[in-house]
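Data first, discussion second: the structure below is written as structure tokens.
Each chain gets a letter, A, B and so on, in the order its sequence line appears, and its residues count up from 1.
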Amino acid sequence: MAIKIVPRGDVPPNQINDYFKFSCPPEFNGPNPDPLPPTFSFSRKLLVGIDLLLPDGSKVPMWVIEDPDAPDAPHPLPKDILRRSFPSPTLRIPLDALVNADVDCNGNTHTIHWHGIEPTPMNDGVGHLSFEVTGHFTYQYQPRQAGTFFYHCHKNTVLHFEMGLYGLLLIDPPDPSAPAVPVTYPTGGPGFAAGMNPNALLPTDHVIHYDVEALWVADDIDSRWHTLQHNAFMQKCVPDDPDNPANFSQDGILNDFRPDIFVMTGIARRVSDPSAFTAAENPLFGPLVAPTVKAGQTLLVRTLVAAYAVAQFTLDIDVEVIAMDGHALGVPPLQQYSRPLLVRAGTPIRLTTARRWDLIVRPTSPRVVPVKVEFFNNINGRLLYTATTSITVTK
Amino acid sequence: MKRRDFIKTGLSGLAAIAVGGVGLPQLFRSESFALDRTVKLSMEGALVEMVDRSKVFHWLFSSAATGPSFPGPVLFATAGDLVTVNVANHLNEPHAFQIIGTNVLTAPIYPGKSATVSFTAPAAGSYLYTDPLNAPANRVLGLHGAFIVSPAAGNTPYSYPTPTVQRLFNDLGASKQFPKFALSPAGWDPSRFRIWLQHQIDPLFNAQAQADFLAGRASTVSAAKMRTSFLPRYFTINGKSGVFSAHDPGIALSGRIGQPMLVRILNSGLFTHSNHIHANHVYVIAVNGAVQDNLFFVDTFTIDPLDRVDWLVPFLRPPDIAGNRYTPLRNLIPNELGLTIDGPNGSPGVQQSPLGYPMHCHLETSQTAAGGNYPQGTLTHFDFLGDVDGIDFPNAM
Ligand SMILES: [Cu+2]
Ligand SMILES: [Cu+2]
């Protein structure tokens, strides 16, 4: 008896072009099609190669998105670090700004997707639903929620995102005492974050003041992947027969992620190195990973999972979750169906790739609060690595 | 099973069977066909073509009306209705039938035998039916499908909505935050839903099952080995991947601004997904049978193995489009809506209207097929065909 076949199906003849652009997006170069006068502009360049330094002195090649306009960093930081870092330089944008983002791509095509920001398709940076940038494009959008977002390349994303083509994108709300003045806050604090305020009189009152800001970006690296080319294992582009089996690569390893390096906001460890992540070891990122806060002050922790492992954050102190994915819990109109969440000390917060939870910590007495970030394989659940750091509470 | 019981409808895009005695599930009231109390399923061996046309052996649920299907046919019922399922085992080893989240479970069904189970359809929601034996192997090798229960009454997808879910559904199309699409009737439209049954395939295990099947012997696939060394090479939604799931009208989200849609997500595999949607945040309204009261409004959500998660996609105008939020998009972005971008390699140009976005898993190894070929994995499209005032964007069909 012949075995029955459940067929894949053919490309519908009237949709050949749609199917073709799916794996081989068109390219575009030029100004925004519907430009408006910006109130906030910046530039980004992709890509530049940098080396990620490990404590043992070895290096991993990374791809990052450059901020060409950032100044030289003050001593003792490396001069270039504000322009070229891993993660790519953090963007801070005032709430409601009309943003023009000038993006230059050299050598090859890329896109930037502003993850969690929700503009038109041409400004959303997904090649197969719009285009890939060859040369230059000005993305335009107007963020209407303050919170934690990120930006990343959306081409061969499985590889380009893993290689480091991403950075944090933070939308800052105005100071409630001057609600008409667009502002951004210094990274590390102090500032205001969007968050439910039960006593709010105005929409702009839904903010929480914080003294110190931590950025916990959990990432992992498979160093085997860091020798691959831009278009590694992509499908062949055949316009009149886009999904012919012969077009598919068969020798790829992009389904097989074996992380051997684990990272907290740019600070890296080999899997065999359990040493704690400290503020002192990296003047730029260290204080954002291992913050110091005074008793009685408010700490805002922004989390992002850039890892393909499942990341589980456990703090030895109660935290209030005030926002998820750039939207403040409980704030009307759209988040009126939710409310902030209390997570007790020692209770893990388990997040997967691209999720962001914003946490408020209010320590009342001096102590060192242990923090661990566990990375688990997303298929077999095996614990891969435990990153340890701490929040230091001083008098 | 009679042919009339097989719903071949754009509503699900999946092979589907309505079952029960009192009447059709609410979603199908507009459609004219009858239904029986009994669903007859069998378990068969079949080859499923992947997105690159490689043929991978599976064990599949089959019915007379649908044939073997990957995933198994969707079973639709109404809460409280009496349902009977008869399952015949045409494979070489014992199998069983279970609906996770209920107490429906048969004893092992030996090769050549069948079993019948009757039960009252549980509270409205999404459920996963599987073969629980040799877990997770029999499920992962293809023996799974969705069981969808509609409420007998009410204006939400649930028999027992929480106060917050009830309030959210009352507000749809009837509040400032959820303006109604001009041409929609008032209230929640239960026919606007999708099922995304997500699965992953490691063909090494399927090849072993195939060799056993062809030799006429019982399967030697080891569940323990699968638990430790499963490495998926294909990632599917409703049995399709990449470009095929993106363009499947039963998988892709489609509608006008102001036409919300319910998505019932289920994960029958072993891979934890991190589903991310562009253009709108979504409300997480039910998780594993628990209708939620604190409705997270997120762009990314974890879908663990065996999870059942319901999203309400509000179909809001993408909120961060630059410019006046109340100007119709045809006036705000006329050039984008009118633009055709030249295709590469001399292919025809690509029209930018209507407005298309992706929903994809952000745990990006799932965006591959056969080890690469981005983005031929867990992905579909989210298309806005027209503005809230009833005027469609160019090229909307
Ligand atoms: Cu993203
Ligand atoms: Cu994306």
Side-chain angles (χ1 to χ4, degrees), chain A residues 3-8 17 19-22 24 26 28 33-34 36 98 116-122 124 126 129 131 140-144 156-158 161 233 235 237 239 245 248-250 252-257 308 310 324-325 327 333-335 337-339 352-355 378-380, chain B residues 45-49 52-53 68 70 164 168 177 227-228 230-233 243 246 270-272 274 276 278-279 281 294-300 302 318-323 333 335-336 339 341-345 347-348 350 352 355-358 362-365 367-368 370-374:
Chain A
I3 305 183
K4 283 198 183 129
I5 292 178
V6 179
R8 177 196 77 171
N17 191 38
Y19 278 60
F20 174 62
K21 79 171 182 193
F22 185 87
C24 302
F28 190 76
D34 297 290
L36 293 169
L98 203 148
I117 306 286
E118 293 162 340
T120 70
M122 284 186 76
D124 193 42
V126 179
L129 286 151
F131 60 91
Q140 177 176 281
Y141 49 86
Q142 196 166 0
R144 277 150 173 144
N156 203 6
T157 319
V158 55
F161 176 46
F233 313 122
Q235 207 173 322
C237 295
F248 285 77
S249 69
Q250 290 290 341
I253 57 165
L254 296 178
N255 63 324
D256 183 6
F257 184 67
Y308 293 157
V310 176
M324 293 179 184
D325 295 356
H327 285 50
L334 290 169
Q335 289 94 252
Y337 310 94
S338 65
R339 53 188 180 268
T352 50
T353 319
R355 297 187 70 181
N378 79 305
I379 306 171
N380 58 38
Chain B
L47 293 168
V48 180
E49 283 188 353
D52 61 356
R53 277 239 144 94
F70 177 66
T164 314
L168 173 67
Q177 63 271 26
R227 259 185 252 113
T228 54
F230 186 73
L231 181 66
R233 188 168 167 84
V243 71
L270 286 175
F271 180 103
T272 292
S274 195
H276 165 53
H278 292 218
H281 278 50
N294 189 359
L295 307 185
F296 300 161
F297 191 53
V298 296
D299 61 47
T300 310
T302 306
D320 304 320
I321 294 176
I333 53 163
N335 297 321
E336 179 166 347
L339 189 65
I341 299 178
D342 290 341
N345 297 10
S347 65
V350 176
Q352 287 306 299
L355 304 179
Y357 299 88
H362 221 294
L363 215 158
E364 300 268 344
T365 47
Q367 298 304 288
T368 63
N373 303 294
Y374 175 87

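At a 4.5 Å heavy-atom cutoff, the contact between F161(A) and chain B is made by side-chain atoms alone. Heavy atoms closer than 4.5 Å to chain B are found in the side chain of N17(A), but not in its backbone. Contacts of L334(A) with chain B are made by both backbone and side-chain atoms, with heavy-atom separations under 4.5 Å. Contacts between A246(B) and chain A at a heavy-atom distance below 4.5 Å involve the side chain alone, from C-beta outward. Residue I5(A) touches chain B through both its backbone and its side chain, counting heavy-atom pairs closer than 4.5 Å. For chain B, the nearby parts of K4(A) are the backbone and the side chain; heavy atoms of each come within less than 4.5 Å.
A donor-acceptor pair under 3.5 Å is formed between the side chain of D320(B) and the backbone N or O of R144(A).
Most heavy-atom pairs under 4.5 Å with chain A: of the set R227(B), Q367(B), Q352(B), this distinction falls to Q352(B). By number of non-hydrogen pairs under 4.5 angstrom with chain B, the leading residue of P7(A), A354(A), C24(A), P121(A) is P121(A). Considering only heavy-atom pairs separated by less than 4.5 Å from chain A, the leading option among V298(B), T272(B), D299(B) is D299(B). Per-residue counts of heavy-atom pairs under 4.5 Å with chain B were compared for E118(A), Q140(A), Q142(A); the largest is that of E118(A). Here S249(A) is the residue among P333(A), S249(A), P245(A) with the most heavy-atom pairs under 4.5 Å with chain B. In terms of heavy-atom pairs under 4.5 Å with chain A, the best-connected choice from T368(B), L339(B), D342(B) is T368(B). Ranked by heavy-atom pairs under 4.5 Å with chain A, the list V48(B), T302(B), L168(B) is led by T302(B). Ranking P232(B), P319(B), G372(B) against chain A, the residue ahead of the rest is P319(B), based on heavy-atom pairs under 4.5 Å. Put simply, of I117(A), N156(A), I253(A), the one with the most heavy-atom pairs under 4.5 Å next to chain B is N156(A). Counting heavy-atom pairs closer than 4.5 Å to chain B, the top-ranked of the candidates Y141(A), Y19(A), F22(A) is F22(A). With chain B as the partner, the residue from F28(A), F131(A), Y308(A) showing the most heavy-atom pairs under 4.5 Å is Y308(A). Between chain A and the residues T164(B), I341(B), T228(B), the most heavy-atom pairs under 4.5 angstrom are made by I341(B).
Atoms CZ and CG, from F248(A) and N373(B) in turn, are 5.5 Å apart once rounded to the nearest 0.5 Å. Taking OH of Y357(B) as the reference point, atom CG of L129(A) lies at 9.5 Å (rounded to 0.5 Å). Interatomic distance, OG1 of T300(B) versus CG of D325(A), reported as 5.0 Å (0.5 Å rounding). Interatomic distance, CG of L231(B) versus CG of N255(A), reported as 5.0 Å (0.5 Å rounding). Note that the CD1 atom of I321(B) and the CG atom of D34(A) stand 10.0 Å from one another [nearest 0.5 Å]. Rounding to the nearest 0.5 Å gives a distance of 3.5 Å between OG1 of T120(A) and CD of E336(B).
The shortest heavy-atom contact between G45(B) and I3(A) is O-CG2, 3.7 Å. The minimum heavy-atom distance between V350(B) and P26(A), with the atom names listed, is CG2-CG, 3.8 Å. Considering every non-hydrogen atom in both R53(B) and R8(A), the closest pair reads NH1-NH2, 3.5 Å.
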Are Q177(B) and Y337(A) close enough, and set up right, to give a side chain to side chain contact (heavy atoms under 4.5 Å, CB included), and what steps lead you there?
-> CA-CA 12 Å; Q177(B) 63 271 26; Y337(A) 310 94; 2.8 Å; yes

For side chain to side chain contact (heavy atoms under 4.5 Å, CB included), just list the numbers for D52(B) and Q250(A), CA-CA rounded to whole Å, side-chain angles, deciding distance to a tenth of an Å, and then say yes or no.
-> CA-CA 9 Å; D52(B) 61 356; Q250(A) 290 290 341; 2.8 Å; yes

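Inspection of the Q335(A) and H281(B) side chains reveals no N or O donor paired with an N or O acceptor under 3.5 Å. Judged by distance alone, the side chains of S274(B) and T353(A) never bring a donor and an acceptor atom under 3.5 Å apart.
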